[in-house]
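Just so we're on the same page: letters track the sequence lines, and every chain starts at 1.
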There are 2 protein chains.
Amino acid sequence: MNEIGSRRRATVHDVARAAGVSLATVDRVLNNRPGVRPVTAQKVEAAMAAIGFQRDLSASLLARGRDLRVVFLLPAGSNEFMGSLAGAVERRAQSSAGERLALELRRLRPLDPEGLARALDGLEPAICDCAVIVGSETPSVLAAVERASRRGVAVVTLVSDLPNSARRHFIGIDNPAAGRTAASLMGRFCPKGAVGVIAGSLALRDHRDRLDGFGAVLAREFPGLQLLGPLESHDEPAQAEALATRLLADHPDLAGIYNLGAGNAGLVAALAASERARAVRVIAHELTPATRAGLDSGAIDVVLDQNPDHEIREALRAAQQCALGSAAPVTTDPIEIGIFLRDNLR
Amino acid sequence: MNEIGSRRRATVHDVARAAGVSLATVDRVLNNRPGVRPVTAQKVEAAMAAIGFQRDLSASLLARGRDLRVVFLLPAGSNEFMGSLAGAVERRAQSSAGERLALELRRLRPLDPEGLARALDGLEPAICDCAVIVGSETPSVLAAVERASRRGVAVVTLVSDLPNSARRHFIGIDNPAAGRTAASLMGRFCPKGAVGVIAGSLALRDHRDRLDGFGAVLAREFPGLQLLGPLESHDEPAQAEALATRLLADHPDLAGIYNLGAGNAGLVAALAASERARAVRVIAHELTPATRAGLDSGAIDVVLDQNPDHEIREALRAAQQCALGSAAPVTTDPIEIGIFLRDNLR
DNA sequence: CAATTTGTGAGGTACGTTCCTCATGACCAA
DNA sequence: TTGGTCATGAGGAACGTACCTCACAAATTG
């Protein structure tokens, strides 16, 4: 027996009474409008903390007669996983009409920090409450996030984090752990030899994190395996194919390939073309048509996955919390690292 | 570029205008209050469908000045997974205060259909909008679900479904698929011998479904494996221990054990006590302290899991959709079947 | 044909928040 | 003193829905 939520929730009126100010002043503080002395603002904040005031997001949206506007800035191009994410946004956009959520999806040129920065700079707080981005860790992007944040547009990073930026929250898997898991599996698959590592771009934080985790476990637990690379495919199938082909040709002792980026269609093509491929253990990321085909054919042994629908769902939860305004840390459910073999394809 | 949700949403006023009736009548139809001729009601429904009216849940809750009340009826007792579910409810209750959700958790005597039926009968629509239950497929429970549903209390089944009942929705994994996955893994682990199957209770639909899926794949794909059982542990560790001990003692050709119910602490104890255990492949369900320990020690090879937090989250989404009243089918994200080996424990 | 029931319309207040106008008093500089 | 700015209070309308009362007409009943 565990009764919860019996007491009436505190409202702005309660805050006003507790702080000994008028409703108008509470409202000014809440929506940080000008015309409040710092002393008074502090009184109000203290009262809010004291009585545990929690602003009612839906009443707020109802009152201002508009939806919560979330803009997704995702890379376009050949990256199938980004396509899945976009699909998840669109699916979600259908059903979110009833929840006062207005989603907009923009696809940008991939691996183009300046383009992303420009897109971010174009988001005015009047049009967009929260931007959800996946981008690389470059000074131009970091600066644009900083500017958006100052302007009043909350930024949430998706898939690839920008840890030392003004972003409010990160939604994605624990990438170092994913790299470690890959290494742990690879080590069990093949006791010795060389393991080629292909990344998309080392400017992407998720790729760097996976690489670090992979390298650490390989070095610590599997001294028989030697890491080759990392090579950069720029997440392009053609480049991934070329790199994998070269790895297979140049290294007779190649025991495994870990593609921690995208471009898996190219990887699968390279493996299909080589007769040595069956002897090489392959681990890749993200369940997409290409990796499914790879698992089916036996070209790929394991796929580590992050569920796009989960990520979009949690990103929206984060956006809602950001819109609540307070500086309280955003909390979301962690995204799980899915492990798929040929037998448990969903 | 994909702008969504630009047009103003339809309101009750729009419905009234479109149907050529007054606001009061729309309201009466919407909340099925008496005093509307069937013909008029149909006109209103038609108008709602025509202009795509979607009732605003939060405005509705705001207007009636109360939260959405959801009551969870979960089994008490030694079942660790049910404990995890309860924990997930409590975690969620903390954070859901801001979302006009009032959660209540009640723990009932496990495997007691009459107790569950009584608890359901005690839920008045004034107190509870939606009941989330995990219960067995018995006439008394089915009848109580029917009564609750008639009374205006929506019922959502969790973990274990009641397919031919008045329940509005089921939240849980695809249990036949889980059983098939277990069989597929078991078949790869051991080519021939006997596989003992332990269930909690065959009155539980999830256990029956897993058993059916397991048996089907075993029979179809692995003729070398012979299914022993199913035995019933009633989800009690002591009984599971006794059953496992007997399986190990009585069957020299025992190649594997599949425990598709709870009581894993007993299973692990039995395995620890037998020197043959290392030669027996073991698959169990739900990541709990007991199964974690089993994976760690090597007693258990694979754990198939359903994430309690995900299940509670989706159950609440289902409850919200039920509260919207309409007969539209409830849609939720599917719960994934998690596969855990020693190496990817989270 | 009158009495009663039933279907429907009209209109109001409330929920918690936003955002507007208008009024008031304090303080400061010219 | 006068005028100006600034912080604040008071009050109200609006958002979409719920739910209430009152009024009135049509349909049903005796």
Closest to the 5' end of DNA chain D, once L23(A) and N31(B) are matched to their nearest nucleotides, is L23(A)
Taking the side chain of D56(B) as its heavy atoms from C-beta onward, which of dG9(C), dG16(D), dA10(D) lies nearest to it? dG16(D)
Between dG7(C) (C1') and Q42(B) (CD): distance, integer Å: 16 Å
Nearest nucleotide by nearest heavy atom, which residue falls closer to the 5' end of DNA chain C, A63(B) or T40(B)? T40(B)
Per atom distances to the A24(A) side chain, the nearest of dC19(D), dA10(C), dG9(D) is dG9(D)
Give the rounded distance in Å between these two atoms: CG of L30(A) and P of dG16(C). 14 Å
salt_bridge(R118(A), E114(A)) N-O dist < 4.0 Å: no
Just by distance, with hydrogens left out, do T157(B) and H169(B) show a side-chain donor and acceptor under 3.5 Å apart? no
d(CZ, R66(B); P, dA18(D)) in whole Å: 11 Å
Mark yes or no for whether N31(B), through its side chain, and D27(B), through its backbone, hold a donor-acceptor pair below 3.5 Å. yes
Pair N307(A), E336(B): side-chain N/O donor-acceptor within cut-off below 3.5 Å: yes
Of the listed nucleotides (dG16(C), dA10(D), dG9(C)), which one gets closest to any side-chain atom of S22(A)? dA10(D)
Would you kindly compare G65(B) and T25(B) by the position of their nearest DNA chain C nucleotide and give the one closer to the 5′ end? T25(B)
Distance in angstrom units between M48(B) CE and dG16(D) P, rounded: 17 Å
Are R313(B) and D333(B) ion-paired here, with the side-chain N under 4.0 Å from a carboxylate O? no
Any N or O donor-acceptor pair under 3.5 Å from the base of dG16(D) to the side chain of R100(A)? no
With the side chain of A59(A) defined as its heavy atoms from C-beta on, choose the nearest nucleotide among dG9(D), dT17(D), dT17(C). dT17(C)
Could you state the atom-to-atom distance from CG of N32(A) to C1' of dC19(C) in whole Å? 14 Å
To the side chain of D27(B), which of dA10(D), dC19(D), dT18(C) is closest? dC19(D)
Using whole Å, report how far CZ of R17(B) lies from P of dG16(D). 11 Å
Round to a whole Å and report the spacing from CZ of R33(A) to C1' of dC6(D). 17 Å
Remember a base hit wins even if backbone is also touched, and classify L61(B) as base, sugar-phosphate or nothing at under 4.0 Å, heavy atoms. nothing
Below the 4.0 Å mark, does dT6(C) have OP1 or OP2 next to a side-chain nitrogen or oxygen of R37(B)? no
Proximity to the side chain of R28(A) - top-ranked nucleotide from dA7(D), dG9(D), dT18(C): dG9(D)
Would you mind reading off the distance between F53(B) atom CZ and dT17(D) atom C1', rounded to a whole angstrom? 8 Å
